Amino acid sequence: MPVKCCFYRSPTTDTMAWSENMDTLLTNQAGLDAFRTFLKSEFSEENVEFWLACEDFKKTESAEKIASKAKMIYSEFIEADAPKEINIDFSTRDLISKNIAEPTLKCFDEAQKLIYSLMAKDSFPRFLKSEIYKKLVNSKQVGNHKKWLPFL
């Protein structure tokens, strides 16, 4: 039987680790899914969707795709009355609007930082207090006990 090193994380530990910081949560697929579910319940999932779209956008290599993805992100999240309009200040929105004709991989950086900060200061702490998160932690703990104590 292989020996588990001290860095082994059980599913419960993973779930608990999400509370350490938002980056841990966003880089874990199950954590991201749970956070999205929570944001949907609060009608603010556009924030994480925008953040994810920006992360994907920054990995774009061809100039044609940069232009088409930038226009998609702009029309989906930035322009006035966009279907998933994010809450950013006028000057940031205005700067993006002026630069969208010739977008660069950095054209959404400022807006992405603002949305990340908003999620980190507002949505993330509420997520950690939510029933969605508490149920997930509890279900992982019960699941772990069943592995060791089959009579539970």
Side-chain angles (χ1 to χ4, degrees), residues 5-144:
C5 103
C6 55
F7 296 111
Y8 170 75
R9 278 198 158 155
S10 69
T12 305
T13 311
D14 279 347
T15 310
M16 295 298 288
W18 301 343
S19 66
E20 292 168 11
N21 63 57
M22 200 166 70
D23 289 333
T24 305
L25 176 76
L26 294 173
T27 56
N28 178 291
Q29 189 59 53
L32 180 59
D33 291 344
F35 191 51
R36 285 178 97 159
T37 299
F38 170 74
L39 290 175
K40 281 180 186 171
S41 76
E42 294 210 326
F43 305 101
S44 61
E45 70 266 27
E46 70 278 357
N47 291 333
V48 75
E49 289 179 15
F50 171 73
W51 186 85
L52 290 167
C54 290
E55 287 298 291
D56 176 64
F57 177 72
K58 288 191 263 188
K59 297 173 190 161
T60 307
E61 293 179 10
S62 84
E64 293 157 15
K65 285 202 171 158
I66 289 171
S68 66
K69 282 185 177 184
K71 284 177 179 45
M72 187 280 300
I73 291 171
Y74 182 79
S75 64
E76 184 116 353
F77 300 102
I78 306 292
E79 70 183 355
D81 299 319
K84 297 178 181 179
E85 187 177 354
I86 55 170
N87 185 9
I88 54 174
D89 60 271
F90 173 79
S91 60
T92 303
R93 189 179 310 276
D94 194 47
L95 182 64
I96 294 169
S97 298
K98 288 177 180 169
N99 294 327
I100 199 66
E102 294 180 31
T104 67
L105 290 178
K106 296 188 177 295
C107 67
F108 298 111
D109 283 3
E110 195 56 38
Q112 187 183 20
K113 284 179 198 163
L114 289 170
I115 293 302
Y116 181 91
S117 178
L118 178 70
M119 289 190 302
K121 290 177 184 165
D122 184 47
S123 306
F124 182 62
R126 283 200 323 276
F127 169 69
L128 295 177
K129 293 175 186 162
S130 73
E131 286 304 309
I132 291 170
Y133 180 69
K134 288 176 187 172
K135 284 179 182 173
L136 208 52
V137 170
N138 289 337
S139 71
K140 298 288 186 191
Q141 288 173 340
V142 169
N144 277 355

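Predicted, not measured: the structure shown is a model, and the values here were computed from it.
- Taking CG of Leu26 as the start and CH2 of Trp51 as the end, the distance is 4.5 Å to the nearest 0.5 Å.
- Counting non-hydrogen atoms of other residues, nucleotides and ligands closer than 6.0 Å to NZ of Lys65 gives a total of 12 or fewer.
- Every side chain to side chain contact (heavy atoms under 4.5 Å, CB included) that Glu64 has, sequence neighbours left out, goes to Ser62.
- For the atom pair Phe77 CZ and Asn87 CG, the distance stands at 14.0 Å (nearest 0.5 Å).
- Interatomic distance, Leu95 CG to Ile88 CD1, rounded to the nearest 0.5 Å: 9.5 Å.
- By the side chain to side chain donor-acceptor pair (under 3.5 Å) test, Lys58 pairs with Glu55, Gln112, sequence neighbours left out.
- When every heavy atom of Ala53 is checked against every heavy atom of Ile73, the shortest pair comes out as O-CD1, 3.7 Å.
- Ser117 contributes no side-chain N or O that, together with a main-chain N or O of Leu114, makes up a donor-acceptor pair within less than 3.5 Å.
- By the side chain to side chain contact (heavy atoms under 4.5 Å, CB included) test, Ile100 pairs with Ala70, Tyr74, Phe108, sequence neighbours left out.
- Within the structure, the salt bridge (charged side-chain N to carboxylate O under 4.0 Å, His left out) test picks out the following pairs touching residues 76-94 (sequence neighbours left out): Glu49-Lys84, Glu76-Lys84, Glu85-Arg93, Asp94-Lys98.
- Residues passing the side chain to side chain contact (heavy atoms under 4.5 Å, CB included) test with Asp23, sequence neighbours excluded: Asn21, Tyr116.
- Taking both residues in full, the closest heavy atoms of Pro103 and Ala67 are given as CG-CA, 3.9 Å, listed atom of the first, atom of the second, then distance.
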Quiz: residues 31-41 side-chain donor-acceptor pairs under 3.5 angstrom, not counting sequence neighbours:
from  : atom 1 : to    : atom 2 : distance (Å)
Asp33 : OD1    : Gln29 : NE2    : 2.8
Thr37 : OG1    : Asp33 : O      : 3.0
Ser41 : OG     : Phe38 : O      : 2.5

* From CA spacing to verdict: side chain to side chain contact (heavy atoms under 4.5 Å, CB included), Asn47, Ile86 -> CA-CA 6 Å; Asn47 291 333; Ile86 55 170; 4.0 Å; yes

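- Counting only residues at least two apart or in different chains, salt bridge (charged side-chain N to carboxylate O under 4.0 Å, His left out) contacts with residues 104-129 comprise Glu42-Arg126, Asp122-Arg126.
- Heavy atoms only, all atoms of each residue included: Ser75 and Pro83 are closest at O-CD, 3.4 Å.
- Smallest separation of non-hydrogen atoms from Met119 and Pro125: O-CD, 4.1 Å.
- The line from CH2 of Trp18 to CG of Leu128 is 10.5 Å long, rounded to the nearest 0.5 Å.
- Residues passing the side chain to side chain donor-acceptor pair (under 3.5 Å) test with Thr60, sequence neighbours excluded: Lys69.
- Between Phe57 and Leu105, the closest heavy-atom pair is O-CD2, 3.3 Å.
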